[in-house]
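Numbering of ligands and ligand atoms starts at 1, following listing order. Note that the coordinates shown come from a computational prediction; the quantities given were computed from them, not determined experimentally. Computed over heavy atoms, backbone and side chain alike; hydrogens, waters and symmetry mates excluded.
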Amino acid sequence: MTDFFKGIPKIAYEGGDSRSDYAFRHYNPDEVVMGKRMEDHLRFSVAYWHSFAWPGGDPFGGQTFERPWFGETMELAKLKADVAFEMFEILGVPFFCFHDADVRPEGRDFAENTDRLKEMTDYFAGKMEQTGVKLLWGTANLFSHRRFMAGAATNPDPDVFAFSGATIKTCMDATKALGGQNYVLWGGREGYETLLNTDLKRERQQAGRMLQMVVDYKHKIGFEGAILVEPKPQEPAKHQYDYDVATVYGFLKEFGLEGEVKMNIEQGHAILAGHSFEHELAMAASLGILGSIDMNRNDYQSGWDTDQFPNSTLEAALAYYEVLKSGGFTTGGTNFDAKLRRQSLDPEDLILAHVGGMDVCAAGLKAAAAMLEDGGLEEARAERYAGWETDAAKAYLTSATLEDLETAVRSGPITPEPRSGRQERLENYVNRFV
Ligand code: XLS
Ligand code: NI
Ligand code: NI
């Protein structure tokens, strides 16, 4: 036991009347929602990087957090792991996620990085065995070290491409060894700052080739989890190739990977792309590539990826509505890709941020399930598109030509009558459940 969280109790469900800060009011892991335990629906995961590796810096100032595990030794990396698993147990989260660079100090070279990752993988295996906490996904940090400043797979230097692929391999090995349920690729610096020095066509081909190698290696080692790409439109690069779900889908098609790769969709990235979270989820579901979610919230004014903990039940409800409607998570889950504000220095801030986020997600999930069970939105949608149920309309989408449409319009005669889209009515409907 470390003494980092000393005095903080294990968080339990106490219901809406609880006066305690250290309690769930909505998240009740065993409560059954639409035939499944809440814990199995939500599949919460803590992000190692934000909670245990991030020092609290911003573009104008460095470290604000003082953590006893900060430093570059393996002993400190293990202390960090001890504290992390204590937090997983206090929260009762079933999963965590990590990048290689979050869990081990940077080595002198690739070989030392790999040895250190292996040592930490073994250490995690023991902790996972003791606590029952599982790995939702693993990933490689191919963006922090200066060698990646011009990208990883999309780098103009083939040495960086090789180093990146080799690193991905070691991270996939670690993920498989720990029984990870997914492997994620977020394109850290896979983009460009200026077209003036960039061969865009070549860089996209390099990225496509790397992803093909990842998929080949997954099959080769018999990794049973899903390969997930996480779209983001900008930051750190001015333009990122994996802009949003629709863009990534086009990319997957181009490289023949649409049946192999799904999406890890992050709330904040959706907002940066000018979409809503539910838009990205609905788009992925409609393409059959909805994998997992990075839950957070973006500041709607700032224009950068603020990675705040979610706190809007309405937004969570609209997001989980899409998840539930698509059949719910299989290998995916709800990863809190969210960090404290840099003034939130205390151990309890870390706990309470997650407690609030978990509760908002649980409340959102319950509201989403109630809406689906009530069926009001789906009925309204069915009614809106009911005209398409006639044989004549169905033929428009199969055999009809433009001449046939002209004949139909003239002989009907067809004179379209506009109808209300009933948006406010539906907004009011949603608010009844939130
Ligand atoms: C950064 C991304 C990152 C990925 C994992 O914006 O969200 O945290 O989730 O590399
Ligand atoms: Ni993310
Ligand atoms: Ni992000």
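Using a 4.0 Å cut-off between charged nitrogen and carboxylate oxygen, K253 and E260 do not count as a salt-bridge pair. In summary, R342 and D58 engage in a salt bridge, as defined by a charged side-chain N under 4.0 Å from a carboxylate O.
What sits closest to atom 2 (C) of ligand 1 on the protein, heavy atoms only, is E230 OE2, 3.3 Å. For atom 8 (O) of ligand 1, the closest non-hydrogen atom on the protein side is D337 OD2, 2.9 Å. In terms of protein heavy atoms, atom 10 (O) of ligand 1 is closest to H99 NE2, 2.7 Å. Among all protein heavy atoms, the one lying closest to atom 6 (O) of ligand 1 is K232 NZ, 2.8 Å.
The contact set between ligand 1 and D305, taken as ligand atoms under 4.0 Å from a residue heavy atom, comprises 6 (O). Within ligand 1, the atoms closer than 4.0 Å to a non-hydrogen atom of D294 are 9 (O), numbered from 1 in the order shown.
Of all protein N/O/S atoms, those under 2.8 Å from the Ni ion (ligand 3) are E266 OE2, H269 NE2, D305 OD2, and waters are not counted.
Residue K232 forms a salt bridge (charged side-chain N to carboxylate O under 4.0 Å, His left out) with just one option from D337, D244, D305, D242, and that option is D305. Just one residue in the list F124, W54, F336, W137 forms a ring pair (Phe, Tyr, Trp, His ring centres under 6.0 Å) with Y48, and that residue is F124.
An N or O contact shorter than 3.5 Å links E266 to ligand 1 by distance.
A cation-pi contact, defined as under 6.0 Å to the ring centre and within 45° of the axis, links K134 to F95. Cation-pi check for K78 over Y123 is met; the charged atom lies under 6.0 angstrom from the ring centroid and within 45 degrees of its normal. In this structure, R147 forms a cation-pi arrangement with F163, its terminal cationic atom sitting closer than 6.0 Å to the ring centre and no more than 45° off the ring axis.
Considering only residues two or more places apart in sequence or on other chains, R381 meets the salt bridge (Lys or Arg N to Asp or Glu O under 4.0 Å) condition with E378.
Between the side chains of T306 and D299, not a single donor N or O lies within less than 3.5 Å of an accepting N or O.
When non-hydrogen atoms are compared, ligand 1 lies under 4.0 Å from neither the backbone nor the side chain of D307. No part of V184 comes within 4.0 Å of ligand 1, judged by heavy-atom distances.
For the pair W137 and ligand 1, a heavy-atom separation below 4.0 Å is found. Between H50 and ligand 1 there is no heavy-atom distance shorter than 4.0 Å.
Aromatic ring orientation, Y429 versus F433: tilted (interplanar angle from 30° to 60°).
Ring centroids of Y27 and Y13 are separated by 6.0 Å or more, keeping the two rings apart.
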